[in-house]
Structures are given as structure tokens and as C-alpha cells.
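Data first, discussion second: the structure below is written as C-alpha cells.
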Amino acid sequence: MEMDQLVALCKRRGFLFQSSEIYGGLNGFWDYGPLGVLLKKNVKDAWWNDMVMSHNEMIVPKGAPQTYEMTGLDCTIIMHPQVWKCSGHYDLFHDYMVDCRESKKRYRYDHVRGRWVTGTKRGEGGAPGQQMRVFVTTMETENTQTALDEVALKFFGLRKKDVETLQWEGDIFPISRLDDFSDVLGPDAKHVGTLTAPREFNLMFKTVIGALGGEDDASFLRPETAQGIFVNFKNVCDSTRVRVPFGIAQVGKSFRNEITPRNFTFRSREFEQMEIEFFCHPSQSAEWYRYWRDRRFSWYTEMGLAGERLRLREHDADELSHYSCGTADIEYQFPFLPPGEFGELEGIAHRGDFDLRSHMEGKLVKDGNTLVVEKNEHGQPKHRGSGKDLTYYDDLTKERFTPHVIEPSAGADRATLAFLCESYNVDTAPDENGKPQERVFLKFNPRIAPIKAAVFPLVKKDGMPEIAAEIYGELKKSMSVFFDDKGAVGRRYRRQDEIGTPYCITVDGQTVQDGTVTLRDRDTLKQERVKKDELLAELNGRLGR
RNA sequence: GCGGGUGUAGCUCAAUGGUAGAGCCAUAGCCUUCCAAGCUAAAGACGAGGGUUCGAUUCCCUUCACCCGCUCCA
């Protein structure tokens with residue numbers, strides 16, 4: 001399937017539009033159309049229903065260490081600025097970058113390190129040339145000096161055996177200590193002075209609280225919904241009777257000022273997340289991590305992403321965040337990605353006690369194998385925590401501890417996009433002359449199909465429209481249905497196929513006589529006669545409601 | 001943010017320094033008894049801003065968006 005066909009279908013049928021399209025669009029922002037809003041809502045509802053509403057805390061689910069409770073939250077998009085300082089997002093999302101005019105590469109300002117060196121550039125025919133003092137640079141590596149040797153040799157046009165002729169001076173230090181880059185050789189450059197001045201990249205959307213707000217009132221749109229759950233952990237414990245282990249779920253918008261939004265809705269600047277923060281005893285956290293990883297993977301397969309295009313990828317040890325004991329991505333092979341590449345739908349992370357501790361003590365950094373509060377130059381916490389006690393006291397075991405967190409964090413827009421890609425199907429169906437015609441249909445799981453059924457009068461006479469309208473009205477009380485009496489019935493079927501409607505109900509001449517209608521299946525094209533009074537029950541059964 | 005490419009109707013494609021054409025889709029009506037049929041009607045576009053020009057969709061500049069490659073990817 002070519003992605004542009006799906007994009008065209010999404011626009012033609014009203015699933016997705018570019019934001020502010022009449023003004024030329026806005027990079028990284030997308031609007032859901034009349035059908036798209038139904039589809040995405042169904043995805044979110046399915047998630048909420050399966051994870052929260054239908055969860056039975058009285059029985060042990062398959063694969064779980066024990067029973068657990070689930071509850072929900074809906075937090076604000078703008079939160080106290082200190083939330084983002086303690087979570088680490090403030091420091092992490094404020095990057096200074098330098099660009100190389102020659103190699104067209106971009107580097108993180110604080111990651112480019114180098115050292116002064118003096119050498120003699122090889123001239124024409126191997127003759128000695130000009131002597132130069134240059135600050136050669138490289139990205140941080142395990143052995144920075146070796147990397148610098150290579151860069152310097154290449155710059156001066158020397159062989160490996162000439163390495164002794166290089167006169168190094170001083171220590172290796174980041175270029176952020178230099179005021180002037182005119183004698184700096186970029187990591188991938190052939191000439192000196194090609195690096196631009198550092199420029200700030202703010203990956204969080206900044207806004208101002210209050211009409212007269214200045215820089216002191218600066219706040220941020222949340223880059224993830226998770227932090228709202230952590231800062232409300234104590235409120236939830238104190239106001240409901242939940243006991244650890246339990247999970248808090250939240251669905252909501254998040255915002256990231258991505259450098260390169262691309263690939264349709266896959267990387268958007270405004271997007272919606274479906275997140276669970278699951279709190280458990282540290283001794284059980286590894287088991288819970290495995291439970292949630294497997295549970296979330298099977299959710300996607302049950303929703304229709306079964307097959308080779310979906311995979312579970314456990315992160316390597318060196319890929320893990322410093323606080324994590326395990327992270328897995330659920331990934332989908334989107335059609336717009338190069339062959340063999342997968343895009344992340346959801347990450348399941350073992351976050352340890354990092355988050356709750358951060359909001360108690362202040363922003364944490366790794367010191368050896370432990371987490372300690374990051375200090376500023378005065379020896380005080382760089383970002384001060386709330387000081388509130390976010391530990392948990394277990395009445396039964398008489399134990400106080402900081403719960404560990406398992407975080408299944410899913411992208412609602414990415415899941416919706418994956419379902420769209422997966423359901424896009426083309427087959428051939430005979431037209432009225434028996435000639436095979438190409439048919440495009442979206443093979444949605446009926447749970448997420450925007451329209452569950454369409455009702456047609458075969459022709460506009462003999463009382464058929466009236467009966468169809470009556471059936472339509474009855475069904476509409478309990479599901480999204482569509483009425484269509486325009487044009488030939490074959491065209492109406494195709495139109496429903498293209499938006500993924502699982503069933504079409506047609507009132508024909510026989511309906512007037514015996515009260516039965518035809519029920520057509522989207523995938524098999526087969527029709528069965530069903531009594532119109534039994535239609536609702538029949539549909540509910542087939543839709544698994 | 002950088003480099004390259006592309007912007008004409010919802011889609012696919014024309015033409016033009018002087019009133020921008022067509023097919024499909026979509027809309028309304030007629031006709032039609034089961035898988036995109038037919039007839040009729042009406043509607044619909046030069047991505048945006050500026051400049052040159054008597055006149056710019058066409059030439060120039062800027063900008064925006066999309067595609068590809070870098071970069072980024074908590």
C-alpha cells in the first residue's frame with residue numbers, strides 16, 4: 001500500500017485534514033474530520049474500557065502477580081513550572097545546538113568537545129606547508145583523544161605515523177567554553193570556522209500565565225501526561241481507597257516542539273497520549289513490568305494489528321534511561337518507513353522510584369548506580385522538589401516504601417494511524433456486468449469502525465424509504481449508523497466499504513412483504529436475510545457488544 | 001533548522017505575460033429492484049505576500065506547506 005493513497009482517502013472521506021489548511025497549513029498539526037473523530041474516539045474508548053472500566057480488581061488477571069485496582073485522572077495541560085524542572089524535562093528539552101555550514105550537520109552544543117593543537121599542514125606534493133593552531137573537535141566518545149588524533153591528522157593531511165608531530169596543549173573541553181569559533185574545526189568539517197553560534201532549541205511550548213505575565217510567569221504546555229499523575233499520587237491515595245498495587249490512567253493532549261514533524265500524523269507537535277502509571281512494591285516491579293509489557297502487546301493484536309508488521313522490542317541495556325530497569329517498545333511497520341524499520345506505538349517503561357522521588361526531593365541525576373539530587377554551584381538542589389512525602393504506608397505489612405512505577409505510555413494518534421494503515425485493503429469485486437473491479441475497503445475491527453452500519457432503501461419507492469428510515473432511527477439510538485438513499489445501491493456499498501463500515505442493511509421489495517432485510521458483510525460481501533425486528537440484537541451480537 | 005525537489009478544482013492532469021480547460025469524485029434532480037450504470041443541471045483552482053509590468057498563474061524576491069536526505073527522536 002502506498003501511503004499517499006491512504007492520505008488521499010483520509011482527506012477525501014473526512015478522516016484527517018491538515019490544520020489551518022486554508023491558510024497554507026501548519027507543520028506538525030492535524031485535524032480529525034467527521035469520521036476521524038469517531039475513529040479516534042473509539043480507539044481511546046476501547047483503551048479506557050479495556051484498561052480501566054472493565055478491569056475486575058477481584059480476580060487475578062492472566063499473567064499478573066496478584067489482583068490490582070485501576071482508576072483514572074484528567075489533569076491540566078499547564079502545570080506548575082517546577083513540575084518540569086524536577087521531572088528533568090526542563091533541562092533536557094532546552095538544548096543549545098550548533099550547525100556546521102560545511103557539513104550541514106547539527107550538534108548539541110554541550111556534546112561537542114575538543115582540544116587545541118598546533119601542526120603543519122602538508123602542502124603541494126608532500127612539501128611542508130603552513131603551521132596552524134586549531135581547536136579540533138569531535139562528539140563525546142569513549143576515547144575522545146583517539147578520535148581527536150584522527151580528526152587532526154585528516155585536517156593537516158598527515159599519515160598515522162606523523163601523529164607525534166602534533167603539538168597538543170591544555171585539556172579536552174567542550175566548545176561552550178570558547179567565545180569565538182573562528183579557529184574551531186567542526187567534527188565533520190574540512191575547514192575551520194564553519195560552526196554557527198549556538199542557538200536555543202526549546203522542545204517544550206512556552207506560554208505565559210496571566211495577562212501581564214513576564215518571564216517569571218513562564219510556563220509550559222505539558223510534553224507528556226504522566227507528570228500530572230505523579231504529582232497527584234498523594235491525592236489519589238488519600239481520596240480513594242486504592243491500595244498498592246494500583247494504576248492511574250489518563251488520556252489527554254501533549255505538546256512537543258519537534259524539530260522535524262513528518263510522516264503524516266506520526267510525529268506531530270500536538271498529540272494525544274493514553275498513559276498508565278502503575279504503582280507497585282519494588283520487590284514485585286519486575287513481574288509487573290513483564291505483565292504490562294505482554295498485556296499491552298496483546299491489546300494491539302486483539303484490536304487487529306496481528307501479524308509481522310507489529311513487534312515487541314525490548315531495549316538493550318545501553319539504550320535504557322538511567323532510572324529504568326527495563327523498557328520495551330511496541331512498534332508497527334508503518335508503510336511510510338523504509339523497509340525493515342518500525343515506528344513506536346507505545347513504550348512500556350520500568351521507571352523505578354525515579355518520578356515520585358524527583359517530586360519529593362528535587363531533580364535527580366545518576367551517581368554511580370544510585371540516584372542523587374542534582375546540585376548547583378552553591379551545593380544546593382538545582383531544582384528543588386516539593387518536599388511532600390510521596391511514600392506509601394502498607395497497613396498490612398507495616399512497611400513504608402516509595403512505590404516503583406511501570407509506565408505503559410501509548411500514542412492515541414499513532415495507534416489510530418496504525419489501525420488505518422493496517423485496515424487498508426484492496427480486492428476485486430464484480431460489478432453489475434460481472435466484470436471484476438478494484439475495491440478499496442478499510443477492514444477495521446468493528447469496535448473502532450466510525451460507522452457500525454448503514455441503512456439503504458434499495459429504491460426510492462414502494463414504501464422502502466419509510467421502512468429504512470424507521471430502522472435507521474431505531475439503530476441510531478444505540479450505535480452510529482448512516483442512512484443513504486442516493487444513487488445506485490452498488491455505489492452506496494462501495495462508499496461504506498471505503499470508510500470501513502462493517503455492515504450494510506438494505507430494505508428491498510421483500511421487506512415490504514415479509515419484514516426481512518438483507519444484512520451485508522463488508523469483508524465477505526455475503527448477504528443474509530434478517531427479520532428487521534431482530535436486527536439490533538443480530539448486529540449487537542456480530543459487533544460483540 | 002540545513003540541502004535538494006514539488007505546489008493549477010476534493011483527486012489526476014492541461015494550457016497561457018492578456019477572460020485558466022478536461023476527466024473522475026462530490027452536489028441537486030430524473031431514471032433505476034443488490035455491488036462505483038445512464039441523462040440533465042449547477043458548482044468548483046493558479047499555496048500566500050511583495051516586486052517588475054499597462055497587465056503576472058507565467059518573470060524575480062520572500063514566505064508557507066508537502067516529499068526526499070541530514071539533524072532530532074525524552
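So that the names make sense, note that chain A is the first sequence line, chain B the second, and so on, each numbered from 1.
- By the 30° and 60° cut-offs, the orientation of the rings of Phe233(A) relative to Phe279(A) is tilted.
- The 12-atom threshold is not exceeded at CZ of Arg384(A), counting heavy atoms of other residues, nucleotides or ligands nearer than 6.0 Å.
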N/O contacts under 3.5 Å, protein versus nucleotides 22-31 of chain B?
unit_1 : atom_1 : unit_2    : atom_2 : d
A26(B) : OP1    : Arg495(A) : NH2    : 3.3
A26(B) : OP2    : Arg491(A) : NH1    : 3.3

Open item on the list: Show me the dot-bracket string of RNA chain B, counting Watson-Crick or G-U pairs under 3.5 Å, with | for pairs to another strand and [ ] for crossing ones.
Closed with: (((((((..((((....[..))))..((((.......)))).....(((((..]....))))))))))))....
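- Base contact: Asp462(A) has a heavy atom under 4.0 Å from a base atom.
- To the nearest whole angstrom, the two P atoms, one in U63(B) and one in C68(B), are 23 Å apart.
- As rounded to whole Å, 19 Å separates atom P of U71(B) from atom CG of Asn27(A).
- Side chain Arg439(A) to base C35(B): no donor-acceptor pair is found below 3.5 Å.
- G51(B) and A41(B) have their C1' atoms separated by 43 Å, given to the nearest Å.
- The residue Arg520(A) sits close to a base: some heavy atom pair falls under 4.0 Å.
- Relative ring orientation between Phe336(A) and Phe334(A) is described as parallel, the plane-to-plane angle staying below 30° on a 0-90° scale split at 30° and 60°.
- Gln82(A) approaches His383(A) most closely through the heavy-atom pair NE2-C, 3.8 Å.
- Across C39(B) and A26(B), the matching P atoms stand 15 Å from one another, rounded to whole Å.
- Remark: P of G1(B) and CG of Leu203(A) are 13 Å apart, rounded to the nearest angstrom.
- No donor-acceptor contact under 3.5 Å links the side chain of Tyr23(A) to the base of C64(B).
- Rounded to whole Å, the separation between the P atoms of G49(B) and U57(B) comes to 10 Å.
- Nucleic acid contact class of Glu258(A) (heavy atoms, under 4.0 Å, all strands): base.
- Taking the P atoms as reference points, A9(B) lies 15 Å from U58(B), given to the whole Å.
- C64(B) and A28(B) have their C1' atoms separated by 36 Å, given to the nearest Å.
- Summarising the geometry, the separation between CG on Asn257(A) and C1' on C72(B) is reported as 12 Å, rounded to the nearest angstrom.
- Nucleotides C13(B) and C46(B) have their C1' atoms positioned 14 Å apart, rounded to a whole Å.
- Looking at heavy-atom distances under 4.0 Å, Gln18(A) makes contact with sugar-phosphate atoms alone, never a base.
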